[in-house]
Amino acid sequence: MAAVVRGGRSRPDASAARPALRLVEETPWRWRIDRAGDMKVPGVVFASRDLLPEAAADQSLQQVANVATLPGIVEASYAMPDLHWGYGFPIGGVAATEVDNDGVVSPGGVGFDISCGVRLLIAPIDRGELAFRLEMVMDALEELVPRGMGRGGVWELGEPELRRVLQGGARAAVERGYGDERDLERCEDGGLLEGADADAVSERALARGLHQVGSLGSGNHFLEVQVVEEVLDAAVAACFGLRVGQVCVMIHSGSRGLGHQVCTDSVAGIEAAMRRYGLSVPDRQLACVPVRSPEGRAYLAAMAAAANYGRANRQLLSVVARRAFSRVLGASGRLELLYDVSHNLAKLETHVVDGRARLLCVHRKGATRALPPGHRDVPADLAEAGQPVLVPGSMGTASYVLVGEPGAGAFASTCHGAGRAMSRTAARHQVSGAALRRELVAAGVAVRASSNRGLAEEAPTSYKDIDAVVSCVERAGLARRVARLVPVGVVKG
DNA sequence: ATGTAC
(Lines give C-alpha, C1' and ligand atoms only; values in the text may rest on other atoms or scores of the structure.)
Protein backbone atom coordinates (compact mmCIF):
# COMPACT_ATOMS: atom_id res chain seq x y z
CA MET A 1 0.00 0.00 0.00
CA ALA A 2 1.28 3.47 -0.75
CA ALA A 3 0.55 6.97 0.43
CA VAL A 4 1.38 10.07 -1.53
CA VAL A 5 2.79 13.08 0.26
CA ARG A 6 3.37 16.44 -1.36
CA GLY A 7 6.62 18.24 -0.79
CA GLY A 8 7.89 21.79 -1.04
CA ARG A 9 4.85 23.64 0.31
CA SER A 10 6.77 26.49 1.90
CA ARG A 11 8.48 27.41 -1.36
CA PRO A 12 5.94 27.37 -4.20
CA ASP A 13 8.65 27.68 -6.89
CA ALA A 14 10.45 24.62 -5.64
CA SER A 15 7.32 22.54 -5.12
CA ALA A 16 6.39 22.81 -8.78
CA ALA A 17 9.71 21.28 -9.83
CA ARG A 18 9.87 18.70 -7.06
CA PRO A 19 8.10 15.37 -7.62
CA ALA A 20 5.57 14.17 -5.03
CA LEU A 21 7.07 11.76 -2.53
CA ARG A 22 5.81 8.21 -2.67
CA LEU A 23 5.89 6.27 0.57
CA VAL A 24 5.74 2.48 0.31
CA GLU A 25 4.54 0.61 3.38
CA GLU A 26 6.97 -2.30 3.92
CA THR A 27 5.54 -3.32 7.29
CA PRO A 28 3.13 -1.55 9.68
CA TRP A 29 6.28 -0.10 11.31
CA ARG A 30 8.50 0.67 8.34
CA TRP A 31 8.04 2.76 5.18
CA ARG A 32 10.31 3.21 2.19
CA ILE A 33 10.95 6.19 -0.07
CA ASP A 34 12.36 4.71 -3.29
CA ARG A 35 15.36 6.28 -4.97
CA ALA A 36 14.48 9.07 -7.37
CA GLY A 37 16.35 12.00 -8.87
CA ASP A 38 19.68 12.55 -7.13
CA MET A 39 18.95 10.18 -4.22
CA LYS A 40 21.91 7.79 -3.78
CA VAL A 41 20.06 5.49 -1.38
CA PRO A 42 16.40 5.01 -0.44
CA GLY A 43 14.74 6.66 2.54
CA VAL A 44 13.52 4.40 5.36
CA VAL A 45 11.02 5.76 7.86
CA PHE A 46 10.30 3.70 10.97
CA ALA A 47 6.75 4.75 11.88
CA SER A 48 3.19 3.54 12.12
CA ARG A 49 0.72 5.20 9.76
CA ASP A 50 -0.59 7.34 12.63
CA LEU A 51 2.90 8.60 13.52
CA LEU A 52 3.86 9.76 10.02
CA PRO A 53 4.15 13.55 9.98
CA GLU A 54 1.43 15.50 8.18
CA ALA A 55 3.07 16.82 5.02
CA ALA A 56 1.00 20.01 4.85
CA ALA A 57 2.69 21.48 7.90
CA ASP A 58 5.92 19.49 8.05
CA GLN A 59 8.60 18.94 5.41
CA SER A 60 10.44 16.18 7.25
CA LEU A 61 9.64 13.38 4.77
CA GLN A 62 11.01 15.54 1.96
CA GLN A 63 14.04 16.13 4.20
CA VAL A 64 14.56 12.35 4.50
CA ALA A 65 14.71 12.20 0.69
CA ASN A 66 17.01 15.26 0.50
CA VAL A 67 19.49 13.67 2.93
CA ALA A 68 19.61 10.58 0.67
CA THR A 69 21.41 12.74 -1.94
CA LEU A 70 24.45 13.43 0.27
CA PRO A 71 27.85 12.34 -1.11
CA GLY A 72 29.04 9.04 0.35
CA ILE A 73 25.76 8.13 2.10
CA VAL A 74 25.36 4.37 2.62
CA GLU A 75 22.38 2.01 3.15
CA ALA A 76 19.56 4.51 3.58
CA SER A 77 18.51 7.87 4.92
CA TYR A 78 16.76 6.68 8.08
CA ALA A 79 14.09 8.32 10.23
CA MET A 80 12.68 7.34 13.60
CA PRO A 81 8.98 7.53 14.61
CA ASP A 82 9.54 10.83 16.46
CA LEU A 83 10.47 12.36 13.10
CA HIS A 84 9.70 16.03 12.54
CA TRP A 85 10.90 19.05 10.58
CA GLY A 86 14.39 20.32 11.39
CA TYR A 87 17.19 22.49 10.00
CA GLY A 88 18.15 20.72 6.76
CA PHE A 89 18.02 17.21 8.19
CA PRO A 90 14.85 16.02 9.91
CA ILE A 91 14.89 15.68 13.68
CA GLY A 92 14.70 11.95 14.33
CA GLY A 93 17.05 11.33 11.39
CA VAL A 94 20.07 9.01 11.04
CA ALA A 95 22.47 9.19 8.11
CA ALA A 96 25.91 7.57 7.71
CA THR A 97 28.50 8.48 5.08
CA GLU A 98 31.53 6.39 4.15
CA VAL A 99 34.63 8.35 5.16
CA ASP A 100 36.94 6.68 2.62
CA ASN A 101 34.50 7.17 -0.25
CA ASP A 102 34.42 11.00 -0.12
CA GLY A 103 31.71 10.84 2.54
CA VAL A 104 30.63 14.19 3.95
CA VAL A 105 29.88 15.63 7.35
CA SER A 106 27.10 18.20 7.71
CA PRO A 107 26.40 20.44 10.73
CA GLY A 108 22.70 20.23 9.82
CA GLY A 109 22.90 16.49 10.56
CA VAL A 110 23.78 17.24 14.17
CA GLY A 111 21.70 20.36 14.78
CA PHE A 112 22.20 23.48 16.81
CA ASP A 113 22.15 21.84 20.22
CA ILE A 114 25.30 19.77 19.81
CA SER A 115 25.37 16.73 22.11
CA CYS A 116 22.01 17.50 23.62
CA GLY A 117 21.27 14.41 25.63
CA VAL A 118 19.77 12.68 28.62
CA ARG A 119 21.02 11.14 31.83
CA LEU A 120 19.15 9.13 34.43
CA LEU A 121 20.10 9.00 38.10
CA ILE A 122 18.60 6.43 40.47
CA ALA A 123 17.74 7.04 44.15
CA PRO A 124 17.65 4.22 46.71
CA ILE A 125 14.14 5.17 47.88
CA ASP A 126 10.59 4.45 46.68
CA ARG A 127 7.76 6.81 45.84
CA GLY A 128 6.13 6.40 49.29
CA GLU A 129 9.31 7.39 51.12
CA LEU A 130 9.66 10.54 48.99
CA ALA A 131 5.99 11.63 49.00
CA PHE A 132 5.84 13.79 52.12
CA ARG A 133 9.19 15.46 51.34
CA LEU A 134 8.67 15.94 47.61
CA GLU A 135 7.82 19.64 47.90
CA MET A 136 10.98 20.23 49.94
CA VAL A 137 13.09 18.42 47.34
CA MET A 138 11.48 20.49 44.59
CA ASP A 139 12.15 23.71 46.52
CA ALA A 140 15.81 22.74 46.86
CA LEU A 141 16.03 21.94 43.14
CA GLU A 142 14.36 25.24 42.31
CA GLU A 143 16.97 27.06 44.38
CA LEU A 144 20.03 25.16 43.10
CA VAL A 145 19.38 24.42 39.40
CA PRO A 146 20.21 27.40 37.12
CA ARG A 147 17.67 27.45 34.31
CA GLY A 148 16.03 29.49 31.58
CA MET A 149 17.58 31.60 28.86
CA GLY A 150 20.86 33.41 29.28
CA ARG A 151 23.76 33.17 31.69
CA GLY A 152 24.39 31.77 35.12
CA GLY A 153 25.83 28.30 35.71
CA VAL A 154 26.88 26.12 38.64
CA TRP A 155 30.57 26.39 37.82
CA GLU A 156 32.00 29.86 37.19
CA LEU A 157 35.30 29.32 35.43
CA GLY A 158 37.93 31.20 33.47
CA GLU A 159 38.99 30.59 29.88
CA PRO A 160 41.88 28.18 30.64
CA GLU A 161 39.51 25.97 32.65
CA LEU A 162 36.81 26.24 29.97
CA ARG A 163 39.34 24.96 27.45
CA ARG A 164 40.01 21.98 29.73
CA VAL A 165 36.24 21.29 29.76
CA LEU A 166 36.12 21.39 25.96
CA GLN A 167 38.94 18.83 25.76
CA GLY A 168 37.94 16.74 28.77
CA GLY A 169 34.12 16.77 29.00
CA ALA A 170 32.56 15.22 32.10
CA ARG A 171 36.04 13.96 33.06
CA ALA A 172 37.23 17.57 33.44
CA ALA A 173 34.33 18.22 35.81
CA VAL A 174 35.09 15.08 37.85
CA GLU A 175 38.76 16.07 38.06
CA ARG A 176 37.65 19.30 39.74
CA GLY A 177 35.59 17.40 42.32
CA TYR A 178 32.21 17.43 40.59
CA GLY A 179 31.20 13.78 40.89
CA ASP A 180 33.39 10.69 40.80
CA GLU A 181 35.02 8.10 38.56
CA ARG A 182 31.95 5.83 38.74
CA ASP A 183 29.92 8.54 37.00
CA LEU A 184 32.35 8.49 34.07
CA GLU A 185 32.04 4.72 33.68
CA ARG A 186 28.34 5.26 33.06
CA CYS A 187 28.75 7.97 30.41
CA GLU A 188 28.82 7.36 26.65
CA ASP A 189 32.52 7.46 25.66
CA GLY A 190 33.49 7.72 29.33
CA GLY A 191 32.16 11.30 29.31
CA LEU A 192 34.83 12.51 26.87
CA LEU A 193 34.47 12.56 23.10
CA GLU A 194 37.87 12.09 21.44
CA GLY A 195 39.12 14.49 18.79
CA ALA A 196 38.00 17.71 20.44
CA ASP A 197 40.03 20.85 19.83
CA ALA A 198 39.30 23.97 21.89
CA ASP A 199 41.28 25.99 19.33
CA ALA A 200 38.66 25.10 16.69
CA VAL A 201 36.01 26.95 18.77
CA SER A 202 35.57 30.69 18.08
CA GLU A 203 36.21 33.37 20.70
CA ARG A 204 32.54 34.24 20.51
CA ALA A 205 31.48 30.66 21.29
CA LEU A 206 33.96 30.54 24.19
CA ALA A 207 32.53 33.80 25.55
CA ARG A 208 29.00 32.39 25.46
CA GLY A 209 30.19 29.23 27.21
CA LEU A 210 31.97 30.89 30.11
CA HIS A 211 28.90 31.47 32.27
CA GLN A 212 26.66 28.51 31.42
CA VAL A 213 28.51 25.37 32.60
CA GLY A 214 25.93 23.64 34.79
CA SER A 215 22.69 25.22 33.56
CA LEU A 216 19.53 23.61 32.25
CA GLY A 217 18.52 26.06 29.50
CA SER A 218 14.98 26.36 28.19
CA GLY A 219 12.74 24.86 25.49
CA ASN A 220 12.30 21.12 25.92
CA HIS A 221 15.15 20.84 28.41
CA PHE A 222 14.16 19.75 31.90
CA LEU A 223 15.07 18.09 35.14
CA GLU A 224 12.37 15.72 36.36
CA VAL A 225 11.88 13.67 39.49
CA GLN A 226 10.33 10.47 38.17
CA VAL A 227 9.04 7.16 39.50
CA VAL A 228 9.35 3.75 37.80
CA GLU A 229 5.70 2.95 37.11
CA GLU A 230 6.15 -0.26 35.14
CA VAL A 231 8.96 -2.72 34.43
CA LEU A 232 8.67 -4.29 30.97
CA ASP A 233 11.84 -6.43 30.96
CA ALA A 234 12.54 -7.76 34.44
CA ALA A 235 16.03 -9.17 33.76
CA VAL A 236 17.38 -6.03 32.09
CA ALA A 237 15.70 -3.74 34.64
CA ALA A 238 17.37 -5.72 37.44
CA CYS A 239 20.75 -5.32 35.73
CA PHE A 240 20.10 -1.57 35.40
CA GLY A 241 19.05 -1.34 39.07
CA LEU A 242 15.44 -0.33 38.29
CA ARG A 243 12.41 -1.61 40.21
CA VAL A 244 8.75 -0.56 40.33
CA GLY A 245 8.14 2.43 42.61
CA GLN A 246 11.76 3.58 42.54
CA VAL A 247 12.56 7.30 42.50
CA CYS A 248 14.79 8.59 39.66
CA VAL A 249 16.02 11.93 38.32
CA MET A 250 16.10 12.51 34.56
CA ILE A 251 18.15 15.40 33.16
CA HIS A 252 17.70 16.58 29.55
CA SER A 253 20.08 19.36 28.51
CA GLY A 254 22.78 20.20 26.00
CA SER A 255 25.65 22.51 25.13
CA ARG A 256 23.72 25.79 25.58
CA GLY A 257 24.92 28.94 23.79
CA LEU A 258 28.39 27.52 23.11
CA GLY A 259 27.09 24.62 21.01
CA HIS A 260 24.67 26.92 19.21
CA GLN A 261 27.50 29.28 18.30
CA VAL A 262 29.74 26.43 17.11
CA CYS A 263 26.95 25.29 14.77
CA THR A 264 26.34 28.84 13.48
CA ASP A 265 30.06 29.41 12.86
CA SER A 266 30.49 26.04 11.15
CA VAL A 267 27.51 26.38 8.81
CA ALA A 268 28.88 29.71 7.56
CA GLY A 269 32.36 28.29 6.95
CA ILE A 270 31.12 25.08 5.32
CA GLU A 271 28.66 26.85 3.01
CA ALA A 272 31.57 28.93 1.75
CA ALA A 273 33.83 25.88 1.33
CA MET A 274 31.35 23.68 -0.57
CA ARG A 275 32.06 25.22 -3.96
CA ARG A 276 35.73 24.36 -3.67
CA TYR A 277 34.80 20.67 -3.45
CA GLY A 278 32.27 20.92 -6.29
CA LEU A 279 29.43 19.81 -4.00
CA SER A 280 25.81 20.75 -4.49
CA VAL A 281 22.83 19.78 -2.35
CA PRO A 282 19.06 20.22 -2.83
CA ASP A 283 18.73 22.47 0.26
CA ARG A 284 21.38 24.96 1.40
CA GLN A 285 20.73 23.84 4.99
CA LEU A 286 22.37 20.52 4.02
CA ALA A 287 25.72 22.33 3.65
CA CYS A 288 28.46 19.70 3.94
CA VAL A 289 32.12 18.99 3.21
CA PRO A 290 34.14 15.77 2.98
CA VAL A 291 35.01 14.35 6.40
CA ARG A 292 38.58 14.19 5.13
CA SER A 293 38.89 17.89 4.32
CA PRO A 294 40.35 20.68 6.47
CA GLU A 295 36.85 22.13 6.95
CA GLY A 296 35.38 18.72 7.79
CA ARG A 297 38.06 18.00 10.35
CA ALA A 298 37.66 21.47 11.83
CA TYR A 299 33.91 20.99 12.22
CA LEU A 300 34.31 17.58 13.89
CA ALA A 301 36.94 19.01 16.26
CA ALA A 302 34.72 21.96 17.23
CA MET A 303 31.65 19.72 17.44
CA ALA A 304 33.50 17.34 19.78
CA ALA A 305 34.51 20.30 21.95
CA ALA A 306 30.88 21.42 22.16
CA ALA A 307 29.87 17.83 22.89
CA ASN A 308 32.31 17.76 25.78
CA TYR A 309 30.81 21.00 27.05
CA GLY A 310 27.36 19.37 26.95
CA ARG A 311 28.63 16.33 28.86
CA ALA A 312 30.28 18.49 31.53
CA ASN A 313 27.04 20.48 31.73
CA ARG A 314 24.96 17.39 32.52
CA GLN A 315 27.60 16.25 35.02
CA LEU A 316 27.33 19.61 36.85
CA LEU A 317 23.54 19.45 36.82
CA SER A 318 23.79 15.99 38.41
CA VAL A 319 25.96 17.39 41.17
CA VAL A 320 23.36 20.03 42.09
CA ALA A 321 20.58 17.43 41.92
CA ARG A 322 22.62 15.39 44.42
CA ARG A 323 23.04 18.44 46.66
CA ALA A 324 19.29 19.07 46.64
CA PHE A 325 18.42 15.44 47.36
CA SER A 326 20.98 14.99 50.13
CA ARG A 327 19.98 18.30 51.76
CA VAL A 328 16.42 17.03 52.22
CA LEU A 329 16.83 13.26 52.39
CA GLY A 330 20.37 12.66 53.68
CA ALA A 331 21.90 9.33 52.68
CA SER A 332 18.58 8.06 51.32
CA GLY A 333 18.82 10.79 48.69
CA ARG A 334 22.02 9.37 47.18
CA LEU A 335 21.76 9.44 43.36
CA GLU A 336 23.64 6.84 41.26
CA LEU A 337 24.10 7.47 37.55
CA LEU A 338 22.53 4.78 35.35
CA TYR A 339 23.71 6.28 32.05
CA ASP A 340 24.31 9.46 30.03
CA VAL A 341 23.76 9.45 26.26
CA SER A 342 23.61 12.12 23.55
CA HIS A 343 21.02 12.28 20.77
CA ASN A 344 22.56 15.09 18.62
CA LEU A 345 25.97 14.03 17.37
CA ALA A 346 28.07 12.92 14.40
CA LYS A 347 30.49 10.11 15.31
CA LEU A 348 33.10 8.15 13.43
CA GLU A 349 32.08 4.50 13.88
CA THR A 350 32.83 1.23 12.12
CA HIS A 351 29.82 -0.70 10.81
CA VAL A 352 29.43 -3.60 8.42
CA VAL A 353 27.80 -2.45 5.16
CA ASP A 354 27.27 -4.95 2.32
CA GLY A 355 29.41 -7.50 4.15
CA ARG A 356 32.41 -5.24 4.70
CA ALA A 357 33.46 -3.26 7.80
CA ARG A 358 33.64 0.42 6.88
CA LEU A 359 34.52 3.62 8.69
CA LEU A 360 31.38 5.77 8.72
CA CYS A 361 30.46 9.25 9.87
CA VAL A 362 27.14 8.51 11.59
CA HIS A 363 24.92 11.58 11.99
CA ARG A 364 22.28 11.16 14.69
CA LYS A 365 20.02 14.20 14.98
CA GLY A 366 17.29 13.58 17.50
CA ALA A 367 18.25 9.92 17.47
CA THR A 368 19.90 7.91 20.24
CA ARG A 369 22.72 5.41 19.91
CA ALA A 370 21.47 2.01 21.08
CA LEU A 371 24.25 -0.58 21.41
CA PRO A 372 23.30 -4.26 21.75
CA PRO A 373 24.35 -6.66 24.54
CA GLY A 374 28.02 -7.59 24.43
CA HIS A 375 29.17 -4.51 22.50
CA ARG A 376 32.59 -3.40 23.71
CA ASP A 377 31.47 0.20 24.24
CA VAL A 378 28.78 -0.78 26.77
CA PRO A 379 29.99 -0.42 30.41
CA ALA A 380 31.28 -3.79 31.61
CA ASP A 381 28.69 -4.25 34.36
CA LEU A 382 25.86 -3.61 31.88
CA ALA A 383 27.33 -5.51 28.92
CA GLU A 384 25.14 -8.58 29.43
CA ALA A 385 22.00 -6.42 29.14
CA GLY A 386 23.08 -3.84 26.53
CA GLN A 387 23.28 -0.06 26.46
CA PRO A 388 20.60 1.85 28.38
CA VAL A 389 18.68 4.11 25.97
CA LEU A 390 17.04 7.08 27.66
CA VAL A 391 13.93 8.47 25.97
CA PRO A 392 12.28 11.51 27.56
CA GLY A 393 8.58 12.05 26.94
CA SER A 394 6.88 15.41 26.70
CA MET A 395 6.25 17.41 29.87
CA GLY A 396 3.99 15.65 32.36
CA THR A 397 3.94 12.40 30.37
CA ALA A 398 5.90 9.16 30.64
CA SER A 399 9.57 8.66 29.80
CA TYR A 400 11.20 5.33 28.92
CA VAL A 401 14.35 3.34 29.50
CA LEU A 402 15.01 1.08 26.51
CA VAL A 403 17.90 -1.24 25.67
CA GLY A 404 19.72 -1.83 22.38
CA GLU A 405 18.78 -4.93 20.33
CA PRO A 406 21.25 -7.12 18.43
CA GLY A 407 21.22 -6.53 14.67
CA ALA A 408 18.67 -3.73 14.90
CA GLY A 409 19.87 -1.79 11.85
CA ALA A 410 19.94 1.99 11.34
CA PHE A 411 23.54 1.86 12.62
CA ALA A 412 22.36 0.94 16.15
CA SER A 413 20.08 3.94 16.59
CA THR A 414 16.63 4.58 17.96
CA CYS A 415 14.26 7.44 18.77
CA HIS A 416 15.08 10.30 21.15
CA GLY A 417 11.71 11.43 22.50
CA ALA A 418 8.07 11.97 21.69
CA GLY A 419 8.78 14.29 18.74
CA ARG A 420 7.05 17.58 18.11
CA ALA A 421 3.72 17.45 16.27
CA MET A 422 3.05 21.23 16.43
CA SER A 423 5.35 24.25 16.15
CA ARG A 424 6.25 26.31 19.21
CA THR A 425 4.34 29.27 17.79
CA ALA A 426 1.21 27.20 17.17
CA ALA A 427 1.47 25.74 20.68
CA ARG A 428 1.68 29.22 22.23
CA HIS A 429 -1.52 30.24 20.48
CA GLN A 430 -3.42 27.10 21.49
CA VAL A 431 -2.40 26.57 25.10
CA SER A 432 -2.31 28.76 28.21
CA GLY A 433 0.85 28.16 30.23
CA ALA A 434 -0.91 29.14 33.44
CA ALA A 435 -3.74 26.67 32.80
CA LEU A 436 -1.25 23.93 31.94
CA ARG A 437 0.59 24.61 35.20
CA ARG A 438 -2.68 24.16 37.14
CA GLU A 439 -3.45 20.94 35.25
CA LEU A 440 -0.05 19.47 36.07
CA VAL A 441 -0.41 20.31 39.76
CA ALA A 442 -3.93 18.86 39.78
CA ALA A 443 -2.49 15.68 38.25
CA GLY A 444 -0.03 15.41 41.15
CA VAL A 445 3.07 16.77 39.39
CA ALA A 446 5.01 19.41 41.37
CA VAL A 447 6.02 22.17 38.92
CA ARG A 448 8.92 24.59 39.21
CA ALA A 449 8.91 26.53 35.92
CA SER A 450 10.24 30.04 35.44
CA SER A 451 8.16 30.87 32.35
CA ASN A 452 4.47 30.28 31.51
CA ARG A 453 5.29 30.89 27.87
CA GLY A 454 7.89 28.12 27.99
CA LEU A 455 5.31 25.83 29.58
CA ALA A 456 2.80 26.56 26.79
CA GLU A 457 5.39 25.75 24.10
CA GLU A 458 6.06 22.41 25.76
CA ALA A 459 2.41 21.39 26.21
CA PRO A 460 2.08 17.63 25.71
CA THR A 461 -0.69 18.25 23.16
CA SER A 462 1.94 19.65 20.77
CA TYR A 463 3.94 16.40 20.90
CA LYS A 464 3.35 12.89 19.60
CA ASP A 465 2.30 10.15 22.03
CA ILE A 466 5.47 8.79 23.64
CA ASP A 467 3.86 5.39 24.32
CA ALA A 468 3.04 5.05 20.61
CA VAL A 469 6.54 6.16 19.54
CA VAL A 470 8.30 3.71 21.84
CA SER A 471 5.93 0.89 20.98
CA CYS A 472 6.72 1.52 17.31
CA VAL A 473 10.46 1.44 17.96
CA GLU A 474 10.06 -1.92 19.69
CA ARG A 475 7.81 -3.40 16.98
CA ALA A 476 10.33 -2.27 14.34
CA GLY A 477 13.04 -4.18 16.24
CA LEU A 478 15.20 -1.11 16.92
CA ALA A 479 15.23 -1.37 20.73
CA ARG A 480 13.36 -3.12 23.55
CA ARG A 481 11.35 -1.48 26.31
CA VAL A 482 12.76 -1.93 29.83
CA ALA A 483 10.88 0.49 32.09
CA ARG A 484 8.22 3.20 31.91
CA LEU A 485 8.77 6.19 34.21
CA VAL A 486 6.24 8.87 35.18
CA PRO A 487 7.05 12.37 36.52
CA VAL A 488 6.19 13.53 40.04
CA GLY A 489 8.14 16.80 39.81
CA VAL A 490 9.37 18.90 36.90
CA VAL A 491 11.94 21.72 36.84
CA LYS A 492 11.94 23.82 33.65
CA GLY A 493 13.44 27.04 32.34
C1' DA B 1 17.79 24.42 20.56
C1' DT B 2 19.31 29.87 20.90
C1' DG B 3 21.77 36.71 24.16
C1' DT B 4 14.13 33.72 19.60
C1' DA B 5 17.86 39.34 14.13
C1' DC B 6 24.17 41.78 13.70
What contact category does [X] fall into here, base, sugar-phosphate, or nothing, at under 4.0 angstrom with non-hydrogen atoms?
X        : value
A:Gln212 : sugar-phosphate
A:Gly219 : sugar-phosphate
A:Arg420 : nothing
A:Gly257 : sugar-phosphate

Check each of A:Gln315, A:Arg311, A:Met250 against A:Arg119 using the side-chain contact (heavy atoms from CB on, under 4.5 Å) test, and report the only one that passes.
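Of the listed residues A:Gln315, A:Arg311, A:Met250, the side-chain contact (heavy atoms from CB on, under 4.5 Å) partner of A:Arg119 is A:Gln315.
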Atom [atom1] of [X] and atom [atom2] of [N]: how far apart are they, to the nearest Å?
X        : N     : atom1 : atom2 : answer
A:Arg428 : B:dT4 : CZ    : P     : 13 Å
A:Phe112 : B:dT4 : CZ    : P     : 13 Å
A:Arg424 : B:dT2 : CZ    : C1'   : 10 Å
A:Arg204 : B:dT2 : CZ    : P     : 16 Å
A:Asp265 : B:dC6 : CG    : P     : 12 Å
A:Arg453 : B:dT2 : CZ    : C1'   : 12 Å
A:Gln261 : B:dC6 : CD    : P     : 9 Å

With a 6.0 Å cut-off on ring centres, are A:His343 and A:His252 close enough?
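A:His343 vs A:His252: aromatic centres under 6.0 Å.
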B:dT2 phosphate, OP1 or OP2, under 4.0 Å from A:Ser218 side-chain N/O:
yes
OP1, OP2 of B:dT2 versus side-chain N and O of A:Arg256: anything below 4.0 Å?
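Yes, within the criterion.
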Taking every heavy atom of A:Val473 against every heavy atom of A:Cys415, the minimum-distance pair comes out as CG2-SG, 3.6 Å
Residue mapping more 5' on DNA chain B - nearest nucleotide basis, A:Glu458 or A:Met149:
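On the 5' side of the pair lies A:Glu458.
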Excluding sequence neighbours, so at least two apart, what forms ring pair (Phe, Tyr, Trp, His ring centres under 6.0 Å) with A:Trp29?
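Checked A:Trp29 against ring pair (Phe, Tyr, Trp, His ring centres under 6.0 Å); zero matches.
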Qualifying ring pair (Phe, Tyr, Trp, His ring centres under 6.0 Å) pairs, either residue in residues 292-325 of chain A, two or more places apart
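Residue pairs with at least one partner in residues 292-325 of chain A: there are none.
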